[in-house]
Amino acid sequence: MKKWALLEENLLELIRRTSTDLPADVESALRRSCARAKPGSHARGILDMILSNVAAARDNDAPICQDTGTLLFYFTTPPGIDPLALMAATRKAVAQATSEGYLRENTLDALNNAPYPTNVGNGAPVFHFEPGARDTIRVRLMMKGGGSENMSAQYSLPDDRLKAGRDLEGVRRCVLDALVRAQGNGCAPGILGVCIGGDRATGYAHAKEQLLRRMDERSDVIALRRLEDRLLRESDRLGIGPMGLGGAPTLLGVKVGALSRLPASYFVTISYMCWAMRRRGVVLAPNGGVRKWLY
Amino acid sequence: MPLLISGRIYTGRDRLHRYLAEGGKCPVELRDGALFHCGPVMRREGARWRVIAAGPTTSIREEPYMAKIIATLGVRLIIGKGGMGPGTLAACRQYGCVYAQAVGGAAQVLAARVREAREGGFVKEFGIAEGLWELEVDTFPALVTMDATGHSLYERVARASRRVYRDLTSSAESGAAAGHG
């Protein structure tokens, strides 16, 4: 029992950090954008306030955003670790984080709209497990708000309306279209995770996983790296700007990945993440003790 | 136009809007008042409530209900994020109301401007995030982005971005694309 108590304690700390302390790579991207924005513009005013808010959340030890989001836990586990025990410990940590005010009462029953007071419900939190060879447990947590999730989109190519064929030019058209449709509603300047291929479900999952990449991590596939750079540049030309009030930046980053597909299907899936890109991670020893914090 | 709002505002989001638009009785007086699209994080401290985090939520979800609420309950100021549609814009013009954008995600900066919070209604029924909270705010920052004369900054930005999209995807620009075709 003691073993799980330590694990629970560190999972609670992971949730606390994720909710209140924006990762350094995201904050730096915001800071660079703010420095580039024209003094006196809406964009500059908004980015200044965003940066003050990031600092205030850290100082107050309180949520960066009141929408503490869908809780997505990504576990990499060594052989011999029981996933059910990890899930139970995580659910306890989520309930505790909710009672301590690090998470909003943010989970509703889909049929009768009743809130779950602990944020533990059918399908909440979300778990992803992947077997790992090392003798450590890696946990990454992403908190994704509903406003940004509502702006995510999936396209099936070819798309006649967009004149988008089954190639990277078609992918580019879909991403730009999704941005124009989203305007500022996903809390721009956001970060896009994009998946080319997969099926409808794996496309969304892989697009979200792109958001686990650090802001400075570029694709190691040359064609995708070029596409990422180009889309980031072109998003600024759209002039949507912070909160959709015009100007630049429209995005902080674009991360593109690809999965295999069926001959009949060519999906392009875009996961929109708000500027408050809350993701943290920790590497734990099998006894639940912290080896290293990630990001 | 930048605003610093001081005085009483009320929070409300999806469930409250639907309830009010369908003719439900409002437990507070919204006439000439301000409605903030927000589902806060609140903590009870003894007999009082403290606001832990309170930024705006996406307003466009209330588009089906907003015009009706402006018309029947006489709201004069809506605070939210992302702007609203033509129905709300028309109601703003007809009844004299404006929409102001608060910075999405700025939940700490905005919560710091709340001096006092009280339950306004439905907190038990709808939950903490969906309930109606009465907030006394002091110099709460927002920008008027939809006015009472029919102007919407969102419409202007969206139109311009659609124009750029057409340029970026015209054959000449796309041809200059990566040549992956």
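Just so we're clear, the structure is a prediction, and the values are computed from it rather than from any experiment. Within every chain, numbering begins at 1; the chains are lettered A, B, ... in the order of the sequence lines, protein sequences first and strands thereafter.
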Would you mind reporting whether B/T58 and A/M151 have side-chain heavy atoms less than 4.5 Å apart?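 No - every pair of side-chain heavy atoms lies 4.5 Å or more apart.
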Is there a side-chain contact between B/L168 and A/L176 in this structure, where contact means two heavy atoms from C-beta onward sitting under 4.5 Å apart?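 Yes, their side chains come closer than 4.5 Å.
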Under 4.5 Å from any heavy atom of chain A - which part of [X]:
X      : value
B/I52  : both
B/P56  : backbone
B/R15  : side chain
B/R163 : neither
B/A106 : both

Atom pair CD (A/E100) and CZ (B/R43), whose distance is rounded to the nearest 0.5 Å: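 A/E100 CD to B/R43 CZ: 8.5 Å, rounded to 0.5 Å.
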Distance from B/Y165 atom OH to A/E234 atom CD, nearest 0.5 Å?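 With rounding to 0.5 Å, OH (B/Y165) is 10.5 Å from CD (A/E234).
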Atom of [X], atom of [Y] and distance for their closest heavy-atom approach:
X      : Y      : value
A/I240 : B/S161 : CG1-CB, 3.9 Å
B/F126 : A/P115 : O-CG, 4.4 Å
B/A107 : A/P63  : CB-O, 4.3 Å
B/K81  : A/N185 : NZ-O, 3.1 Å

Tell me the residues of residues 145-154 of chain B whose non-hydrogen atoms fall below 4.5 Å from those of chain A, in number order.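 B/T145, B/L153, B/Y154, listed by number.
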Give a yes or no on whether [X] atom [atom1] has more than 12 heavy-atom contacts from other residues, nucleotides or ligands under 6.0 Å away.
X      : atom1 : value
A/D59  : CG    : yes
A/R225 : CZ    : yes
B/R48  : CZ    : no
B/R93  : CZ    : no

Proximal to chain B - members of residues 241-252 of chain A, heavy-atom separation under 4.5 Å: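 Against chain B, the residues of residues 241-252 of chain A that fall inside the cut-off (heavy atoms, under 4.5 Å) are A/M243, A/G244, A/L245, A/G246.
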I'd like to know which of A/C187, A/G184, A/A56, A/A188 tops the heavy-atom pair count under 4.5 Å against chain B.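 If we count pairs closer than 4.5 Å to chain B, A/C187 comes out on top.
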Winner by heavy-atom pair count (cut-off under 4.5 Å) against chain B, out of A/A62, A/C274, A/A55: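 Highest number of pairs under 4.5 Å: A/A62.
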Side chain / backbone / both / neither for [X] at chain B, heavy atoms under 4.5 Å:
X      : value
A/N113 : both
A/A57  : both
A/E105 : both
A/D177 : both

If you apply the rule side chain to side chain contact (heavy atoms under 4.5 Å, CB included), what do you find for B/V103 with A/I50, and how did you get there? CA-CA 8 Å; B/V103 172; A/I50 284 174; 3.8 Å; yes
A/Q66 (side chain) donor-acceptor with B/G55 (main chain) under 3.5 angstrom: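 Looks like yes, one N/O pair under 3.5 Å.
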So, A/R173 side chain and B/T169 main chain: donor-acceptor pair closer than 3.5 Å or not?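 Yes, because the side chain of A/R173 sits within donor-acceptor range (under 3.5 Å) of the backbone of B/T169.
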Restricting to pairs with a member in residues 170-189 of chain A, which pass ring-ring contact (aromatic ring centres under 6.0 Å, His included), not counting sequence neighbours?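 As it turns out, there is no ring-ring contact (aromatic ring centres under 6.0 Å, His included) pair with a partner in residues 170-189 of chain A once direct neighbours are skipped.
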Who are the salt bridge (charged side-chain N to carboxylate O under 4.0 Å, His left out) partners of B/R118, not counting sequence neighbours?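 Applying salt bridge (charged side-chain N to carboxylate O under 4.0 Å, His left out) to B/R118 gives B/E116, B/E134, B/E136.
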Largest heavy-atom contact set with chain A, pairs under 4.5 Å, which of B/A53, B/G105, B/G127: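 Highest number of heavy-atom pairs under 4.5 Å: B/G105.
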